[in-house]
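Written below as structure tokens is the structure these notes are about.
Treat the numbers as computed from the prediction; the structure is a model and nothing was measured. Each chain gets a letter, A, B and so on, in the order its sequence line appears, and its residues count up from 1.
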Amino acid sequence: MDVKSLYVAENEKDACGVGCIANINGRKSHKTLKDALTMLKNMEHRGATGADPDTGDGAGILLQIPHSYFKSELREFGLNLPDAGHYGLGMVFYPQHYATRKECRSIMNQLMKKMGFQLIGYRLVPVDSTVPGHESKSVEPYIEQVFIQHKDPNIVGDDLERKLFVLRHFITHSINNLIKSVNNEFYFSSLSSRTVIYKGQLKTDQVEKYFLDLKQAEVKTAIALVHSRFSTNTFPNWKLAQPFRYIAHNGEINTIRGNVIKMQSKEALMKSNLYTEEELKWLLPVTDKRNSDSSNLDALVELLTISGRDLPHVLMMLVPEAWQDNPHMDPERKAFYKYHAAMMEPWDGPAALFFTNGAQIGATLDRNGLRPVRYCVTSDQRLIMASEAGAVHVAEEKIVEKGRLQPGKMLLVDTENGTLLKDEEIKEMVCKNKPYLNWIEQKRLKLKSMPIPVLEKKIIEPQRLLTRQISSGVSAEDVKLTILPFAENGTEPLGSMGADVPLAVLSRQSQHVSNYFKQYFAQVSNPPIDPIRERLVMSLFTRIGNSQNLLDETPEHTRQVHISQPVLSRDDYYRIKALENEGFTHKIIDATFDATGKETLQLAIARIAEEGADAIKDGHTILIISNRKESSKRIPIPSLLAIGAVHHHLVANKLRTKAGLIIEASDAWETHHFATMIGYGASGIYPYLTYDAIQYAHEKGELDKETKLDDYKANYIKGIGKGLLKILSKMGISTLQSYQSAQIFECVGLGQEVISTCFNGTISRLDGLSFSDLEREVIIKHKAAYSNENKSLLETGGIFQWKQRGEKHLLNPRTIHLLQKATQSNDYQLFKEYTRSIRESENHLINLRDLIEFKQRQSVPIEEVEPVENIVTRFATGAMSFGSISHEAHSTLAVAMNRLGAKSNSGEGGEDPVRFEKKANGDWERSAIKQVASGRFGVTIEYLNEAEELQIKIAQGAKPGEGGQLPGHKVDEWIAKVRHSTPGVGLISPPPHHDIYSIEDLKQLISDLKNSNPAARINVKLVSEAGVGTIAAGVAKAKADVILVSGADGGTGASPLSSIRHAGLPWEMGLAEAHQTLVMNNLRSRVVLQTDGKIMTGRDLAIATLLGAEEYGISTAALIVEGCIMMRKCHLNTCPVGIATQKEELRKLFTGDPDHVVNFFNMLVMELREIMAELGFRTINEMVGQAHALKVKNNLNHWKAEKLDLTPVINYSQPPSHVGEFKQIDQNHHLDKALDNKIIKDLKKSDLTQTLHYLIKNTDRSTGTLLSSYLTKKKTHLGERINIDFNGSAGQSFGAFLSSHLSFTLSGEANDYVGKGLSGGEIIIKPSPKSTLIPQENIIIGNVSLYGATGGTLFVNGQAGERFAVRNSGAKAVVEGIGDHGCEYMTGGEVIVLGAIGANFGAGMSGGIAYLLDDSDKLEQNINQEMIELEVPEQKDLEIIHHKIQQHLEFTGSPKAKDLLANWNVAKIQFKKVMPNDLKRVLQMNKEKSKVA
Amino acid sequence: MGSKEGFIKINRELPETEQPEDRVKNYKEFYKPHDESLTTNQAARCMDCGVPFCHNGCPLGNLIPDFNDAVYQEQWEEAAKLLLSTNNFPEFTGRICPAPCEGSCVLGINKPPVAIEHIEKSIIEKAFVNGFIQADKNIKRNGKKVAIIGSGPAGLAGADQLNKAGYEVTVFERDEKPGGLLRFGIPDFKLDKWVVDRRVSLMEEEGVRFKLKMEVGKDINSSELFIDYNAILLATGSTVPRDLEIRGREFEGIHFAMDFLTQQNQRVSGLKVAEEAIWAQDKNVIVIGGGDTGSDCIGTSNRQGAKSIVQFELLEKPPTDRKNTNPWPEWPLILRTSSSHEEGCDRHWSILTKQFLGNEKGEVTGIETVEIEWRNGKFEEIEGTEKVYPCDLVLLAIGFNHTQHEGLINQLNLDLDSKGNTLAKDYQTKVPSVFVAGDMRRGQSLVVWAISEGREAARKLDAYLSQESKLPAKNISEYQLS
């Protein structure tokens, strides 16, 4: 692979389906294996294929060693196997090459001997090599089994496993290190005396076809674990298939980098009497950053288990449930988690983890419960558990229990004892192993509880403060827009209209080092978290102290200091210093360097790193890196460089876990500064200068003196804390502990020298500055501060507000004015003047594209270039909702785009149906693109069918990984109607789509939407970041028709200031990476690639096209043409030109005109055509991705930009002739396989009044959606609903977007997303008539039912999973119990729960009503009271409830309903009514209004 | 930003003025005292725009949204700091600037703009009253000397900056009082001269020396300055008036506006009026030229007791609202009624002066005119519209050609640009130690531009003498690395 491309292998992601079958009593059978393989096949839709339809992403099965089978197999070769459990069986992947293989074997044999093993024999694994697809076949390994036994016959059981464990690592390390030609491909898929794993780069149905052993009836097992993988790309790799040796994982570890970095230091401390020192040497390292997240987690689970902990214990310590803010947790259990937190950071991320050691098998979910796990127990003692219910058919009458795993919970089968253990039992057992609570009480310290230090009042000397601020780079804007708002409001300040300033490396102004780092965020392959509404899973605590041996557990392990959050107050800081009294001695490391040039920055950094290491060797456990000694003679070292250097030096010397790192910083004031410092190793930061600035503002009266100074400081700390949670959560990380030193950033603009010293392992693909360059930047600030100490003001800044002395902006008074004037007057000469004025920015260098120019090529006459009207259809305007902008601004764009044959975008706010009809003059206000975002506002079946394109917004440029909010005051009658909500009630868009937690979920949503409107293209909107190419490949495999890679600069909506600037990358990088990766995977020709993000000129379009885009989105420029003047106050509803406002009086001031917008796009294309002609491209298709027509400019005249290497961006390698470089092939969505086709056919024959009947299984997904689209498109109007009955286990999205024409009754069960987007239809779900279960005690439907429903009804005779009725805005439901986060973000509708609710009910619920009958005493503690209140239902309410229960009984025959009605007088007093405060306030107001009227 | 909806709720409002009939009785400024809340309310109208076009429109780069916010917050000292950081003399610009900032104020798109100039004046006056402005007597001297020629706004700004940077600054002024145009060009009713005196004394207190009645190039030879000074900053303005060379120009009673205005200023200041008096009392006055100087002539004539005042403007009558071809944020080419117009005069547009008429005594008695029609930037006379306007005094307020060449420029042998102004790229002339600022370099312009030029030239001069300048630049941050 070309190293100069943007593709980075470590960004590969995967997700999957997973399942197991176990006989609880340990009875082995071939049926278990066979059923597991069936289960695997039935989860094929959770896997994927790429360009080669026969090459899957990997699948496999783990089973107990079928001893008798192998015994007889080997006997045929004259080999005699010892008794079961007395030998090890290895499944070995060799390279195919014979000589290499031989070499491997010889090393293997040698090392076995060295460890006291003897070879029994090798067995070539019988496979059918015709099965794998050609891609897979190209890397098919040579697979052999090796049978070995230890010389010492007493080494059996755990001892034998341990020896085999060491041996496996010993052999793998040695071979991969010694034999270069192996190419790191030598691999044991398993080596154990208990289990064996058959896996490969296979599709689910290919596993049993390929491995002939699996067909043999003699192959019997009591445990079978299967896994089907969906990888984001298609580079075949057999090793990455799962299961691994101990786990099979559905999900992703977001904190993997930090986890693996920390393991390096932990391994250095490892000791165990279970291993000899030599063995430890052979064994380590077990983790390796080159391996996938799942395989590293597996390695650690294995290490910790094999070294003496129980399997559940290990899982609890690696993937703890949310414990910190749970006041109801048993203290012993809490102590267990606290204790282990001192030695291990959570391996955090969405996860369904199945684990086994061959005797026990179980599963656990991450704290957020973001992956589904359903199980059933049968009367013949089988546990069947998988990502989906119904993947193996089980006769209903045999089922004794149906359940699901809940967030953070565990289930375990011990086949040796024949027990099935639930979460409570398992954890109680584990937590009793050691007196953790006792140890913690004795040993653990809490910073908060330490005595308050006696300190003198701080005296501010204004001039000195100013000097220091200047030398740290604080601007007036920083104080005004960041520091003081934090202090006043305790929340992150907001801004709008994206970013248009230079990247740090292109700026001519000295930069804060943090500015070179861009925050990563979760998209598609894992979900971001909502840190506000789901605060219960988040934590900010951090700790300092030294770590102990991970393989042991003693009271000393918990001798650490707990710090509740990382932004240290002055008191905290002095408390830390006072820890000396407790034996935690500290060393202050002076992070300044000589101003006279005696020491360079680079040498100073090396010096402090060394000082840090020495201090630890001297026994200090706290290092304080401080730049307080700054003076006219000493220059402060940027704190981020200092912490990074010390941290990485300690890591390299395996000293890191011996001390905590604290920073005393003058240069920390905004959230991103804290995030980067923590991300590179800090446990706590004391931003002393920022506190001084707050104090000074208070003394001056800039901060109201009515409030105490301490409160302002506390607000500041609180606000930064919230901001940090947001940054963590956008990456899907819940705990600061895991975020710390996880380096979740991409660097743009720092060179290898700096990266390897301070930020080792961080991706920095474009190279950049050296230490001496950074030194220049530091010195200029120091000079500005100390060369003239009489200054009266800070530098202006000018990042968010254009200033003459400030940072350069793409959108400045001149460019805005010229653009408006040129488009209003339709004057192309003036337009050229405008584009010239934008190009002037090239001298300022704002964007990466400013560093690129076109090569000289053979030109063609412009007449030969395809006409304007062809090209102009390739445009879209961006997703801006009606609500974020006014109706006038929104419809003007729509009319203009429709006139051009281009597309406008509805944004996330629904669309008023009046816009669906064309106007008399032919104009059309309908948006051709309808967006489907996480809030699902107004996403009805009608809305979906009024679209040419449906866009799934995964992220948006201005704030990727975050949700949004439309405050109540913006929700007027009209907006409320369109969004299906109540006027005046605020609306929340969650950070994640609650039906996309991973790539296979996205595939499902794409399929849902395609069913909902088969004529529409499905577009997936991503935001540029490292790895977006890999994500794009995954999205292409998930069958998107269009992929939009948005630049991080874009964005028009309101978002936190730090997100506008610091999250995501420019489109140039994301687009190029996506194009390159898609071409590499031969997926490019299947998707349209689109880009956006402050595209302003024809030249921008030409560069975008050459980097791979064939369609373009434009928002900011289009708004400016409509009259936007970059006020950047969109979030305040006060737009003075009537665009981003709903105020009547301001909307009247809107003067935009569709003609101007049409002029704009035409002129843009005119300019693009000129460039096309010059470069010799006659069509866009010819031009797409031809990056060889670009070159990097040389005379940049910019000392920083010259350090960048842009060749990876414009990298071009000619693909093979069969690989297309633009969209040519339509995706096959397999709509013909939908059950709905049959129903439609039957309906055509039926008279519509008779009920139709169908069998249904888990592979029948989105049932009813295609049908609803068909009926909606036909504009069918019926008096009665069409009744359809189903029997069986329905697949995902049963009844999604079901229209009001339909009533579905399902007897059996359903998986996730029942009634997603329900659009007026009726769904009734009840157990199979054969079932013997008590319905209300068992789960019957999966997670995230009724997500985004806008109307209709749902009756569920049984329990539902997590997140029931999330974002419901109109559906009414009766259900008999629900999981966590029920009715989250609900804005309308009615939910009646006749059973228990899970935690965090009603978080972010601003509308709708819920009635709860939870007779447990946990009701109140499970309610998130932030936005709702529990009330006693009034008579009117009780009538509603009674009526609904009657219907429920009638439709489902629910025994619970029957019971309640029978005892109504008792039952009715048990109901509680959930009333959203917001709604209550509005209702109250309306009442008063009508009174006045 | 202070008030997020100030611009919606509050209308533009300026302090009341004396009634025209009262104010023409004297030469004093005529704004009535007002409540401070008027100013803070006006500041609340500022929208603190993401792209503050006002700040862009200001030649000084005044931090307008920032000081508006400070005023709204009643942080007057902070406001003064912000204002003075870009503008040496807000007390001048706050009074007489045509306020391009207000022309480009974003609120001006659909509402009357923020009263920026009024706020500016209020800040500086409050700063003086509250004692925020104190002479800095401890400026560290760097031992170098600079001569500044001309004490108009450019010279004064340059002097103030260089003095603060530690130079020993001497300002040479040929008139008997410093201030140049500020003192002798602008009437007192627009800029009371105590305002100029206050500033000059402050500068003197801080160490600037003024050598008055000393015309360099005449009273002393320019080259002598090189002996005593390390560098020279020229700022003598653009003083050669544009003439109207048509028939009858030789009649008596036809004067350049600036001669007329200067005399009145001298009178008000109690100075001797040097030459033949130009007096409007009881005369029919015609002012040719529709600009600010023309207005000043009207105001002055009214105060002197003219019988009638007529003003001619060659260009056509501007519209009352912006035309499509003149969109915001361009300077609005609209009909403006100055305070002097309010005081009474007869205005005519699209008027071409054909010839002056006179009597046998050689005195002007009237002007023959013709109406014209403008087409594509050119005009044509309209037949049959010839007309004679009787008059006794004609004031030519049609601008200035360029700077004066004799004396200074010729002695230093400096190059001129195509318009006759001093050629000095980046403010430095071909004589390395000689710098130029203001109208002398850019041609006739606004006071605010003169101050800007003085500041920027001072910085270049400082950099020339000291390798690097610590003086602030208008559009270069101190954090900027080239």
Side-chain angles (χ1 to χ4, degrees), chain A residues 470 473 475-476 480 495-497 507-511 700-702 776-777 780-781 783-784 787-788 790-793 795-798 800-807 809 811-814 816-817 820-821 824-825 1123 1125-1129 1132-1134 1136-1138 1143 1145-1146 1149 1151 1199-1200, chain B residues 1 4-8 47-58 60-63 65-66 69-70 73-75 77-78 80-82 84-86 104 106-107 109-111 136 138-140 164-165 324-330 468 470-482:
Chain A
I470 294 172
S475 71
K480 183 176 146 189
S496 318
M497 295 304 289
S507 169
R508 289 189 190 269
Q509 300 205 2
S510 172
Q511 296 291 311
K700 266 203 304 187
E702 259 176 88
R776 283 180 72 176
E777 295 211 281
I780 186 99
K781 286 187 267 203
K783 212 160 120 187
S787 68
N788 176 2
N790 293 324
K791 289 218 174 64
S792 64
L793 290 172
E795 267 303 315
T796 177
F800 298 105
Q801 184 179 47
W802 180 89
K803 285 282 172 70
Q804 295 201 28
R805 264 171 81 111
E807 190 50 276
H809 285 253
L811 294 156
N812 55 51
R814 183 169 155 77
I816 292 172
H817 170 52
Q820 291 185 337
K821 195 166 178 179
Q824 282 161 14
S825 56
I1125 30 74
M1126 293 295 284
M1127 172 61 49
R1128 307 188 89 152
K1129 302 260 184 309
L1132 296 181
N1133 202 21
T1134 57
V1137 289
K1143 279 185 195 281
E1145 57 200 304
L1146 294 176
L1149 302 174
T1151 55
W1199 66 278
K1200 278 160 74 176
Chain B
M1 182 184 61
K4 85 174 185 170
E5 294 189 359
F7 75 97
I8 303 176
M47 303 187 292
D48 194 25
C49 303
V51 181
F53 282 76
C54 55
H55 165 70
N56 178 59
C58 176
L60 285 164
N62 277 353
L63 299 167
D66 303 86
D69 184 43
Q73 309 280 355
E74 299 178 43
Q75 294 280 327
E77 188 166 8
E78 181 71 16
K81 260 192 210 172
L82 288 160
L84 288 163
S85 73
T86 57
S104 52
V106 174
L107 197 46
I109 296 176
N110 45 39
K111 287 179 164 50
D136 180 358
N138 301 314
I139 297 171
K140 224 168 101 191
K164 284 181 176 139
N324 283 343
T325 49
N326 170 223
W328 173 92
E330 294 172 1
E468 219 178 355
K470 290 169 196 164
L471 289 170
K474 181 161 62 176
N475 48 20
I476 305 168
S477 161
E478 295 212 28
Y479 290 152
Q480 182 152 327
L481 289 136
S482 49

Give, as side chain, backbone, both or neither, the part of [X] having an atom under 4.5 angstrom from any heavy atom of chain A.
{"X": "B/Val106", "answer": "side chain"}
{"X": "B/Glu78", "answer": "side chain"}
{"X": "B/Glu478", "answer": "both"}
{"X": "B/Glu77", "answer": "neither"}
{"X": "B/Leu481", "answer": "both"}
{"X": "B/Thr325", "answer": "backbone"}

Tell me, for [X] versus chain B, whether the close heavy atoms (under 4.5 Å) come from the side chain, the backbone, both or neither.
{"X": "A/Arg814", "answer": "neither"}
{"X": "A/Lys821", "answer": "side chain"}
{"X": "A/Glu777", "answer": "both"}
{"X": "A/Asn1133", "answer": "neither"}
{"X": "A/Lys783", "answer": "side chain"}

Within 6.0 angstrom of B/Glu468 CD, more than 12 heavy atoms from elsewhere = no

remark   = Most heavy-atom pairs under 4.5 Å with chain B, out of A/Lys700, A/Lys803, A/Lys781, belong to A/Lys803

